[in-house]
Amino acid sequence: MNALSRNLVRASAPLAWIASAAAFAAPAHAAAASQAQAMPAVAAQMNGYWRGWNDGPPQPPGVGNTLKDLRRFPPDLIAVLKPWAKTALEKYQAAAGTDMEPPIPDNACLPFAMPGERASYGFPINFQITPTLTMILFQIDHQARFVYMNEEHPKDLELTWLGHSVGRWEGDTLVIHSTGYNELSDFSDGVLHSPKLEIVERYRLIDNGTHMEGTYTYTDPDAYTAPYTVVRKFQRSEPMQEYVNSENNQLYPCPNEDTGNWYKPLR
Amino acid sequence: MMRDTTFRACAGGAAAFAMFFAGTASAAPDISGVWWAASHSPALRPMDGSPLPLTPEGRAKFEAARADVKRDKSLDTGKYLCTPQGVPRGMNTAWPIHIVQTPEQTTIFLEQNRVPRIVKMTDKHANTRDWDPSYMGEAIGRWDGDTLVIDTTNFNLKTFLDETNLPHSDQLHVVERLRLANNGKRLVDEITIEDPVMFTRSWKAEVSFEKRTDIRIKDDWVCGEPHRDISTVRTVAQRSTP
């Protein structure tokens, strides 16, 4: 799949942005009990393949096919960016308005920012839930997340592309708390964050189990003036196929054995 | 690569899931968690010590592949670009793996090149005409007593069987038998390799992993970046030529 068709795929499966200013309450992960927690019956129904579901109005032909697609830059998110993060986004948007899409982890074969709100676009993701570990697989660039159930984050957390994730059940809702992200990743094109970024994901089945709703709340006191929440819906999907970015991606050189990662975000 | 396929409902339900974890189903052994080989050989060779049963064509392909990669190392994309390394090479790894088991799927995550290997727990391969050949192939699994049998076909031609650049044809068929040993502290993967273009007969190799509750898998491998220290993994020297 070349860069053009990738953008078409993006445009044809826009995110179901439903930004909200809902009050944010950080879950008490620090107080998470160490004993094993029983999984609700819905865990088995959540297992399997999902893909982003756009229940908004169909887009007219051509809309969203440009790099200026506003869906990538949700106003509610931009509204809470602190000045430095806003400047970084403006630099990205200015570059994106030219012929050449600027480098982002997405088009440079680097790990996708988490969580699945933007990491799946329209491609399948796969939930594998067990009592001690929830694994979430992404078709895009053969990526996997490990969510350790009923655990706390380690104290000396190493910053990584995907951060560190812990999970627990609140009734029938799977709640995932993540932090420890490096400063290279971006969870929406050109939107940066600090090492203080924390993400809370809440997944629950809706519509009699035919759909799943994911609510994502981003908190970063160094980058955002307030928490930012977005809701995304998923529909059940066919199994994922293999998707290897380094052979599809032609915009920027992929890291290789000699070069390693060359990417630095615009700031 | 992407093809529109009609929605197929995910079969199976809560009952089967609950039974699986209660251990009251067919009592599939628990092979989940982190495993790490104690030793590693870049060359995967017959475990009985016999030479590779190469056909004349296979020998020529092997020599050509070795010469090609020696001339241009980027041709070994599994090493140079960190593309999925295929099977069995992906399993013959010096880095840890993490296995996750649910009733319908066994997932073997390979830390090296961050590759999730999805094994669908079923008896039959999908109609492979619906699927493009892939690096990791299409893997299905079933329990034969206490042994997980993984049958993988439909590979693309971009991978090698091992780090010595032993190639394969589109007729590669790999059957693995994974079983616990040493009171559950070791996982043994007996690998049968069949490829009538490359080999005069099928042959068996073996890799094994030690259970590691003291480490966690790393999920963000980036090519050319520093990775986990693998100096504790003993390198086993084997002949790299047939």
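Residue numbers begin at 1 in each chain, while the letters A, B, ... track the order of the sequences.
- Using a 4.5 Å cut-off between heavy atoms, Ile118(B) touches chain A through its side chain atoms alone.
- Using a cutoff of 4.0 Å between basic side-chain nitrogens and carboxylate oxygens, Arg145(A) and Glu201(A) are scored as salt-bridged.
- Within the 4.5 angstrom heavy-atom criterion, only side-chain atoms of Thr107(B), from C-beta onward, approach chain A.
- Both the backbone and the side chain of Leu110(A) come within less than 4.5 Å of a heavy atom of chain B.
- Salt bridge status for Lys79(B) with Glu257(A): present, with a side-chain N to carboxylate O gap under 4.0 Å.
- For a residue to count as touching a neighbouring chain, one of its non-hydrogen atoms must lie under 4.5 Å from one of that chain's; by this rule Lys218(B) touches chain A with the side chain only.
- The part of Val100(B) that comes within reach of chain A is its side chain, from C-beta onward, which places non-hydrogen atoms under 4.5 angstrom from that chain.
- Contact of Asn126(A) with chain B is made through the side chain alone, with heavy-atom distances under 4.5 Å.
- Proximity to chain B (any heavy atom under 4.5 Å) is shown, for Thr259(A), by neither the backbone nor the side chain.
- Comparing His98(B), Lys158(B), Arg114(B) by heavy-atom pairs within less than 4.5 Å of chain A, the highest count is held by Arg114(B).
- At distances below 3.5 Å, not a single donor-acceptor pair connects side-chain atoms of His153(A) with backbone N or O atoms of Val166(A).
- Under the salt bridge (charged side-chain N to carboxylate O under 4.0 Å, His left out) criterion, Arg179(B) pairs with no residue, sequence neighbours left out.
- Asp72(B) and Ser74(B) form a side-chain donor-acceptor contact under 3.5 Å, judged by distance and modelled atom types alone.
- Asp220(A) and Ser194(A) are linked by a side-chain donor-acceptor pair at a separation below 3.5 angstrom, with hydrogens and angles left out of the test.
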